[in-house]
Amino acid sequence: MDFLYNFFISPFVQIADSPLFFVEVLTGGLLSGVMYSLVALGFVLIFKASGVFNFAQGAMVLFAALFFAGFIDKGVPWWGSLILTIGVMVLLAMTIERVVLRPLVNQPHIILFMATIGVTYFLDGFGQTVWGSSVRVLDIGLPQTPLEIGGVLVNKFDIIAAVVAGSLVAVLAVFFQKTRVGRALRAVADDHQAALSVGIPLKTIWAIVWTVAGLVGLVAGVMWGSKLGVQFSLAMVALKALPVLILGGFTSVPGAIIGGLIIGAGEKVAEVYWADAIGGGIEDWFAYMLALVFLLFRPQGLFGDKIIERV
Amino acid sequence: MLYREAGQFKTSYAADQQIFPILQDRVGIAVIAAIALGVLPLVATEYLTTTILIPFLVMSIAAIGLNILTGYAGQLSLGTGGFMATGAFAAYKLSTAFPDLNIVFVFLGSGVITAFVGVLFGIPSLRIKGFYLAVATLAAQFFLLWLFNKVPWFTNYSSSGVISAPPRAIFGDIMVTGSSAHYTAKYLFLLVFVGFLALAAKNLTRCHLGRAWMAIRDMDIAAEIIGIKPLQTKLSAFAISSFYCGIAGAAWAFIYTGSVEPLAFSIEISFKVLFMVIIGGLGSILGSFLGAGFMVLLPVILTNAPHILGLNIPVDMISHLEYMIFGALIIFFLIVEPHGLARLWQIGKEKLRLWPFPY
Amino acid sequence: MSSTAVSAASGSDAFTADGRHKIGGVILSVQNISLSFGGVRALTNISFDVRQHEILAIIGPNGAGKSSMLNVINGFYHPQEGKVIHKGQERKRMRPFMAARAGIARTFQNIALFKGMSALDNIMTGRNTMMKSGVLAQAFYLGRARKEETEHREFCEKIIDFLEIEAVRKTPVGRLPYGLQKRVELGRALAAQPEILLLDEPMAGMNLEEKEDMCRFILDVNKEFGTTIVLIEHDMGVVMDISDRVVVLDYGRKLADGTPDEVRANQDVIDAYLGGGH
Amino acid sequence: QENGQFVPGLVYRTGPYAPGGIPWADGFADYVSLLNARDGGINGVPLVYEECDTAYNNDKGVECYEKLKGKGPTGGASVQPLSTGITYALMDRVRADKIPMITSGYGRADASDGAVFEWIFTAPVTYWAGADAIVQHIEAQEKSLKGKKIALVYHDSAFGKEPIKTLQALAEKDGFKLDLFPVPHPGLEQKATWLKIGRQLKPDWVIMWGWGVMNSTAIKEAAAVGFPMNKFVGVWWSGSEVDVRPAGMDAKGYLAAQFHGAGANYKVHEDILKNLYEKGKGASDRDKVGDILYNRGLISAVLMAEGIRTAMTKYGNKPMTGEQIRWGLENLKLDDAALDKLGLKGLMAPLQLSCKDHEGGGKVMIQQWSGAAWTPVSDWITPRRDGFLTEMYKESAAQYAKEKNITPRTCN
Amino acid sequence: MSQATLHAVQTASSPAVAEPILRVNNIEVIYDHVILVLKGVSLAVPEGGIVALLGANGAGKTTTLKAISNLLRAERGEVTKGTVDYNGRSIQNLTPNDLVKMGVVQVMEGRHCFGHLTVEENLLTGAYTRTEGAAAVKRDLEMVYDYFPRLKVRRSSQAGYTSGGEQQMVAIGRALMTKPKLILLDEPSMGLAPQLVEEIFEIVRQLNQKEGVSFLLAEQNTTIALKYATFGYILENGRVVMEGEAQRLMENDDVKEFYLGLAAEGRKSFKDVKHYRRRKRWL
Ligand SMILES: Nc1ncnc2c1ncn2[C@@H]1O[C@H](COP(=O)(O)OP(=O)(O)OP(=O)(O)O)[C@@H](O)[C@H]1O
Ligand SMILES: Nc1ncnc2c1ncn2[C@@H]1O[C@H](COP(=O)(O)OP(=O)(O)OP(=O)(O)O)[C@@H](O)[C@H]1O
Ligand SMILES: CC(C)C[C@H](N)C(=O)O
Ligand SMILES: [Mg+2]
Ligand SMILES: [Mg+2]
């Protein structure tokens with residue numbers, strides 16, 4: 001059977017034939033996985049801190065990038081644009097808290113999830129009303145050139161992305177685990193009402209979290225935007241971040257990055273070596289299937305908090 | 001005084017267990033049925049029928065399907081689009097492989113096939129829960145679309161991957177699918193289908209299967225401890241939900257657009273149906289209709305509103321505003337009533353019952 | 001609830017003077033159960049028997065492992081060691097729904113009602129295991145489905161009468177006050193017509209009057225149906241008054257096992273649990 | 001305007017494909033406005049143009065079509081859906097409604113067979129013709145295709161799959177090896193594809209059938225694996241400014257097949273700038289006039305307008321119905337003289353439609369991105385229709401006719 | 001309303017004499033815009049007092065407490081009439097966070113622990129609003145551990161995995177960590193072992209006497225509540241039907257019979273309660 005050969009034998013023959021290429025695919029995959037992590041991180045942040053599955057994270061990536069690129073196009077220097085965009089994101093966070101979250105406090109998670117989809121639509125529409133739907137080129141001087149290390153081709157840009165994501169993860173992990181606010185954030189995620197009852201100010205907490213998520217979104221937006229140009233499709237990278245998210249666990253900051261690495265590497269290797277057996281273009285679902293398989297063994301993702309089941 | 005159940009005593013449990021125990025409700029349903037069957041076909045224009053009524057009915061089926069899974073059984077799913085695609089392609093294969101098969105059976109058959117697929121993707125739900133499951137159902141969504149796109153057998157080797165509905169008739173010569181079918185025939189055919197499906201869904205949800213679903217939804221561990229088999233119950237929800245989604249997909253391809261490529265059932269459809277269910281009301285069949293109506297009408301109204309108001313706004317601006325208003329309205333409705341339009345309707349009824357005294 | 005059906009059928013020697021079923025042989029026996037979670041030893045080598053028709057109370061300080069014990073009996077927790085023998089058969093690696101199907105029903109410490117459903121539907125759910133009509137029959141509400149629904153509804157209405165919750169039968173349970181929720185939960189367990197009923201703090205959060213009612217319900221169930229009852233309760237008044245036997249747990253260990261009076265007199269129990277006031 | 005000719009515009013200025021949809025729609029709108037502003041419409045019949053946003057989404061496209069088809073005295077008497085997917089979705093409907101559908105450079109290639117597809121016009125070129133032209137160009141560079149490796153990177157949709165059949169036929173005929181690389185919508189992630197192409201397969205040429213963000217991503221990734229740009233040819237929808245600009249200088253040397261020229265140095269642009277932009281009535285930014293997609297929208301509008309104009313020669317100067325416009329299109333002849341008169345000389349190749357041939361013999365040229373502009377690197381290439389493509393059209397159309405119970409009409 | 005019974009217990013020494021720290025004036029609460037639950041409840045907690053709020057299930061005790069601590073909004077309930085004053089200042093428009101800062105904290109019915117946080121982290125969230133530095137917080141943490149040694153044993157377990165009673169201790173301990181001046185305790189004894197119940201009330205008394213903390217205490221265990229409280233209110237069906245000093249309430253015949261289980265003949269065994277008693281209502 002052709003299929004069996006293509007599925008079970010040929011990929012390994014190929015790998016053995018040219019191990020260097022395999023390493024290249026692997027590193028390429030790992031590095032592009034990091035780009036997903038950047039987006040997934042925003043999700044994790046909000047989920048961990050308020051129990052809200054923020055579908056709007058993708059829209060926030062686009063939104064931030066649109067404003068940043070838009071200001072630059074208007075002739076504002078990059079640092080000025082950065083400050084302005086940060087201002088916009090803070091404003092956005094406060095608005096979301098006031099208009100969406102506060103009236104929906106203590107509602108079931110699915111309702112909040114739905115509300116964030118509402119936010120997604122609003123942001124997509126708003127960003128484009130202000131800045132239009134054409135592509136904006138975002139060039140902040142990140143090097144795009146390929147680099148050969150020991151015969152393996154890597155992209156400088158990807159390496160920078162990895163460094164950025166790594167540092168974000170480190171900072172956020174410490175923030176959550178070790179600080180008073182971090183603890184309060186996790187409390188809010190567990191029980192809004194109880195958090196209120198001990199005097200945790202949901203208002204401030206949410207404004208903080210959404211601002212931070214907005215800033216993480218900005219970073220992701222700048223990275224993705226300088227890769228693809230700033231355009232509507234940026235909002236869709238959220239879909240690539242979701243499997244990363246469940247694989248790593250909704251509540252784990254380091255999980256976001258490790259999930260990203262696994263998904264990135266997994267889908268690239270699969271696409272390169274198994275496309276012959278099962279047909280190309282599998283990247284779309286492969287990540288989800290991979291995540292699904294992991295979930296069957298760990299329903300809370302690799303690093304997520306265990307789902308508490310008690311009676 | 002308008003809406004009172006007082007005075008309508010039930011003398012037997014059987015009477016109390018009717019679908020609509022209250023007289024006013026029964027009258028209301030009868031009126032709606034009469035309008036849908038008798039009045040709308042006569043007055044609705046082609047535009048109205050093809051862009052509002054038919055998609056409304058199609059989406060209602062899908063919404064009922066998802067509501068069974070998510071609203072009743074509590075299994076959050078984003079795979080609706082994938083299941084609808086399965087229904088569409090199954091219907092296409094069935095109707096082209098058996099050209100003499102009555103279109104009613106084509107639809108039912110596609111529902112059954114989708115139910116099997118649904119069960120397959122429902123298996124992980126035993127272990128995976130909540131948002132994890134939701135994201136996992138995306139695996140079904142993307143995989144199924146990819147499959148129909150990739151394997152030419154599903155499209156009878158059409159080079160573009162697009163399938164189009166073969167012309168089929170009921171009662172011998174009334175065309176209901178294909179380009180020569182009259183829109184009113186399509187509408188009525190679909191309406192009858194929807195009627196039966198909605199009735200069946202309502203009945204299922206108030207019998208023991210429905211209670212088992214809701215028990216699993218509300219507290220799965222407790223449900224299991226009082227004797228409900230979780231896997232069986234969840235899978236039955238996946239099966240029946242997918243059955244509905246499959247029929248919705250078939251109706252979409254055969255009656256609404258007439259031709260589809262897999263991309264038509266993209267993740268956006270999944271979200272749309274989820275919206276309908278949530279805006280309409282989780283765990284409510286009526287809500288499925290309200291949600292579908294809301295979601296089908298809203299964009300049409302929004303795109304036409306500027307024109308009607310005599311405003312001259314460029315289309316891109318309209319679209320962007322539409323997005324914004326749409327998003328804002330979703331948030332607004334969730335805030336007003338997180339349990340959806342159906343609950344709003346119910347509160348309205350409760351107020352009516354107390355009327356004229358406020359409490 | 002009408003008692004005629006049950007009591008008329010039974011011979012007189014099966015009953016005590018006050019009309020209760022005589023306590024019979026061992027119906028359920030837990031033997032050498034040990035259960036730990038990570039480092040926490042919830043249960044250490046616990047054994048006791050439950051006899052048919054008796055009311056057995058389990059008491060002990062908070063965190064002693066009482067609820068865990070019920071969870072083991074239910075098959076929700078799987079002990080690392082020991083076995084549960086139900087009607088002479090060892091149950092191993094049991095899934096929770098099997099216990100229910102074998103006639104063990106239960107209520108929960110933190111109310112575990114189905115919040116989105118009405119009181120009536122919650123109670124009807126208790127009878128789900130007995131309903132067999134198929135999907136199509138249900139979808140079109142035909143024949144068997146219709147008959148079943150009506151029959152079981154009648155039974156549930158009896159329970160509703162018995163528990164005096166007629167007024168709230170159609171109210172979503174999430175909106176009911178705590179005490180009524182507890183009652184609905186009891187109703188749901190009763191609906192299954194269990195042989196053994198496990199009650200986890202059925203009277204927590206009730207005032208005296210309601211506790212009296214609840215005791216009455218429990219005693220009546222035991223009397224009329226001969227249901228064996230295992231009960232966790234912190235109110236010593238209740239425990240001492242209504243139970244036939246008491247098992248005392250203390251941080252995973254069994255401290256004592258005997259009649260209420262024996263237990264009350266046991267110095268270990270006084271030190272560990274009852275405190276000076278009792 | 002009660003007695004104008006109603007022109008529906010199914011466009012997309014929103015959604016993931018908006019960056020490409022906007023310039024096309026602007027070009028189309030500007031040409032319609034130009035006719036109204038400069039000539040008072042067509043033969044004195046003003047054009048009433050209304051857009052509806054489809055977001056490149058099939059069911060929205062259907063809704064827009066239904067919404068617009070009944071407007072004006074003669075209805076939306078011709079449509080251009082600007083999407084292969086929507087083309088498929090409307091195929092049955094336009095037949096039932098008797099509305100000609102013009103799909104310039106997209107849609108279903110076999111619809112060129114006017115005997116079966118009475119209501120669909122594929123002028124000036126189809127994807128099959130485009131694929132053939134690209135292969136011709138490659139052959140011209142390589143001398144012989146025998147043993148060469150060509151990869152096709154395509155948008156995994158009805159659109160992207162369209163050229164496969166032709167390329168496979170050519171591969172067999174010319175002896176090259178064809179490898180297929182589908183990219184799922186929207187095409188944000190292509191690293192694996194390009195690693196495989198650039199580092200493992202190392203084909204001689206890569207052909208791309210992409211649209212939207214997929215294009216710029218592909219160019220970037222190709223550059224990242226060091227694939228030479230001058231061996232990388234896109235179809236016309238992968239060859240606009242918005243596709244190459246985000247890639248910066250990496251895109252320099254990239255090739256694209258076009259069925260019209262770039263730039264604003266034609267008479268028609270002069271008119272547009274004078275009659276519209278100087279009066280502040282243009283639809284686009286002034287500096288985007290003449291962009292590839294802008295010009296394509298413009299040409300699409302020209303085809304429609306000339307179809308109407310031709311129809312009026314037979315039916316008189318009043319708003320035309322769908323059936324009349326079909327006659328007009330089937331008798332449309334745009335030779336050099338006609339193009340010159342329209343101010344389009346050099347912008348596109350001449351063409352002539354007929355009852356049988358709804359494609360009209362359009363030509364293709366290859367252009368190269370210099371880093372700042374598109375410049376032609378080939379002459380007009382004539383796709384090998386006779387004996388090759390027309391046969392394929394016919395065969396495929398016949399199968400469609402059978403499926404749909406259509407009896408092909410006889411064209412004389 | 002039967003005025004006779006009301007007057008029987010109402011005494012001149014209504015707590016209004018001492019300046020109350022909390023005064024609730026005739027509030028009305030509606031859930032979901034339609035369900036009227038409180039129909040005009042008034043009560044007062046004197047500075048340094050322990051006031052018990054008694055009543056059957058569903059009488060509206062929890063609702064009253066939530067109306068005070070402003071947690072109602074999260075349940076889609078609202079106060080539609082009446083006022084709530086704390087230290088003479090209206091607090092209806094303050095957030096729960098402001099209230100906690102001002103020293104008003106509620107221990108919610110049904111525990112509501114943060115399941116994923118450890119026991120110790122749960123306790124520390126209680127100190128969120130405090131500003132006096134880590135040392136003071138540490139001291140209070142030790143104090144809570146002294147009160148509840150069991151929590152110290154379980155300090156690093158996730159609260160979601162602790163037993164019902166342990167969670168109740170966490171909830172109370174967490175509230176103590178806010179360093180409150182007025183604690184709204186909702187059924188503190190629920191699910192606790194008898195000797196712990198005593199201990200909890202001892203803690204209440206200690207805090208009250210040593211630190212001057214005031215308490216408003218919704219409790220089903222009437223006997224013990226009245227033993228420790230100075231003043232009591234009895235709520236039925238969303239209305240206050242009886243109020244008076246704890247001592248006097250305990251002596252009231254109706255209270256004795258329905259809430260304390262002391263009929264004229266003395267305490268009855270639960271076993272001997274023969275008939276379901278029809279509740280005697282004051283309404
Ligand atoms: N699933 C679990 N994971 C970890 N620890 C657990 C789990 N279930 C119970 N425990 C621990 O086991 C011990 C016994 O708990 P259990 O709930 O049985 O106590 P209990 O006797 O019912 O106490 P209470 O009277 O307070 O309800 C507790 O310390 C609890 O923290
Ligand atoms: N969120 C809610 N929505 C609707 N009704 C509610 C809600 N919460 C409480 N109620 C209703 O308000 C009434 C008073 O409830 P509340 O919880 O205040 O009583 P309680 O005195 O605390 O009773 P318990 O002793 O059982 O705790 C009850 O009838 C209950 O049904
Ligand atoms: C603009 C378009 C018509 C191109 C597109 N990709 C298609 O569907 O063919
Ligand atoms: Mg317990
Ligand atoms: Mg309460």
Side-chain angles (χ1 to χ4, degrees), chain A residues 14 17-18 20-21 24-25 27-29 31-32 35-36 124-125 128 132-139 144-146 148 152-158 224-237 239-240 264 267-273 275 279-287, chain D residues 12-23 26 53 55 153-157 160 179-201 212-217 220-221 223-226 240-250 284-285 288:
Chain A
Q14 283 180 47
D17 259 6
S18 133
L20 214 56
F21 178 63
E24 210 164 84
V25 172
T27 35
L31 290 172
S32 62
M35 291 289 283
Y36 304 153
D124 285 350
Q128 294 186 82
S133 311
S134 307
V135 189
R136 280 167 199 278
V137 177
L138 181 61
D139 186 5
Q144 307 274 357
T145 43
E148 259 196 61
V152 176
L153 195 74
V154 288
N155 204 330
K156 272 192 205 152
F157 175 85
D158 289 342
W224 276 95
S226 49
K227 196 172 151 162
L228 304 176
V230 176
Q231 53 178 314
F232 182 83
S233 302
L234 276 191
M236 298 193 180
V237 298
L239 286 179
K240 302 244 69 170
E267 72 177 17
K268 298 298 173 291
V269 169
E271 178 78 49
V272 169
Y273 291 101
I282 59 174
E283 276 177 342
D284 242 7
W285 58 265
F286 184 82
Chain D
Y12 35 101
R13 295 174 178 278
T14 62
Y17 296 93
I22 292 170
D26 287 344
D53 201 288
V153 176
Y154 64 98
H155 192 268
D156 204 357
S157 65
D179 281 281
L180 300 179
F181 292 91
V183 174
H185 152 94
L188 289 166
E189 190 49 53
Q190 297 171 38
K191 188 164 238 123
T193 305
W194 285 98
L195 275 171
K196 209 170 168 183
I197 293 174
R199 304 290 288 175
Q200 193 187 36
L201 183 70
V213 70
M214 166 183 171
N215 293 332
S216 50
T217 310
K220 272 211 158 161
E221 294 291 357
V225 294
S240 68
E241 290 79 1
V242 292
D243 299 323
V244 284
R245 285 224 174 91
M249 286 322 276
D250 288 350
S284 172
D285 289 340
K288 298 235 167 82

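What you are looking at is a predicted structure, and each value in this text was computed from that prediction instead of being measured. Residue numbers start from 1 in every chain, and the chains themselves are labelled A, B, ... in the order their sequence lines are given, proteins ahead of strands. We use all heavy atoms of the structure for the numbers below, so side chains are in, but hydrogens, waters and symmetry mates are not.
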Name the region of [X], side chain, backbone, both or neither, that has any atom closer than 4.5 Å to a heavy atom of chain D.
{"X": "A/Glu271", "answer": "both"}
{"X": "A/Val154", "answer": "neither"}
{"X": "A/Ser18", "answer": "neither"}

Exercise for the section: Could you check A/Asp158 against D/Lys191 for side chain to side chain contact (heavy atoms under 4.5 Å, CB included), going step by step and ending with a plain yes or no? Expected result: CA-CA 11 Å; A/Asp158 289 342; D/Lys191 188 164 238 123; 2.6 Å; yes
Non-hydrogen atoms of chain A under 4.5 Å away: do they reach the side chain of [X], the backbone, both or neither?
{"X": "D/Ala247", "value": "neither"}
{"X": "D/Ile22", "value": "side chain"}
{"X": "D/Lys220", "value": "side chain"}
{"X": "D/Val183", "value": "neither"}

Completion exercise
Looking only at D/Gly21, D/Gly15, D/Gly248, D/Gly198, most heavy-atom pairs under 4.5 Å shared with chain A are made by D/Gly15
Problem - Top contributor to chain A interface from D/Thr14, D/Leu195, D/Val225 [non-hydrogen pairs under 4.5 Å] - result: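 Sorted descending by pairs with chain A, the first entry is D/Leu195.
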Handout entry: Residue pair A/Ser134, D/Val242: steps toward the side chain to side chain contact (heavy atoms under 4.5 Å, CB included) verdict
Key = CA-CA 8 Å; A/Ser134 307; D/Val242 292; 6.0 Å; no
Problem - Top of A/Val230, A/Val137, A/Leu239 for chain D proximity - count of heavy-atom pairs under 4.5 angstrom - result: A/Val137
Exercise for the section: Flag the one option from A/Lys240, A/Glu267, A/Arg136, A/Lys227 with the top tally of heavy-atom pairs under 4.5 Å to chain D. Expected result: A/Lys227
Exercise for the section: Over all heavy atoms of both residues, which pair between A/Gln231 and D/Pro19 is shortest? Give the atoms and the distance, please. Expected result: OE1-CG, 3.5 Å
Practice task
State, without any angle test, whether A/Gln14 and D/Gln200 hold a side-chain donor-acceptor pair at a distance under 3.5 Å.
Solution key: yes
Handout entry: Pairing of A/Glu24 and D/Arg199 as salt bridge, 4.0 angstrom limit
Key =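 Salt bridge: yes.
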Completion exercise
dist A/Asp284:CG -> D/Asp156:CG (nearest 0.5 Å) comes out at 9.0 Å
Exercise for the section: Show your working on side chain to side chain contact (heavy atoms under 4.5 Å, CB included) between A/Val135 and D/Arg245 and close with a plain yes or no. Expected result: CA-CA 9 Å; A/Val135 189; D/Arg245 285 224 174 91; over 6 Å; no
Handout entry: D/Lys196 (side chain) donor-acceptor with A/Val272 (main chain) under 3.5 angstrom
Key = yes
Problem - A/Ser133 (side chain) donor-acceptor with D/Ala18 (main chain) under 3.5 angstrom - result: no
Problem - Trace of the side chain to side chain contact (heavy atoms under 4.5 Å, CB included) decision for A/Ser32 with D/Glu189 - result: CA-CA 9 Å; A/Ser32 62; D/Glu189 190 49 53; 3.9 Å; yes
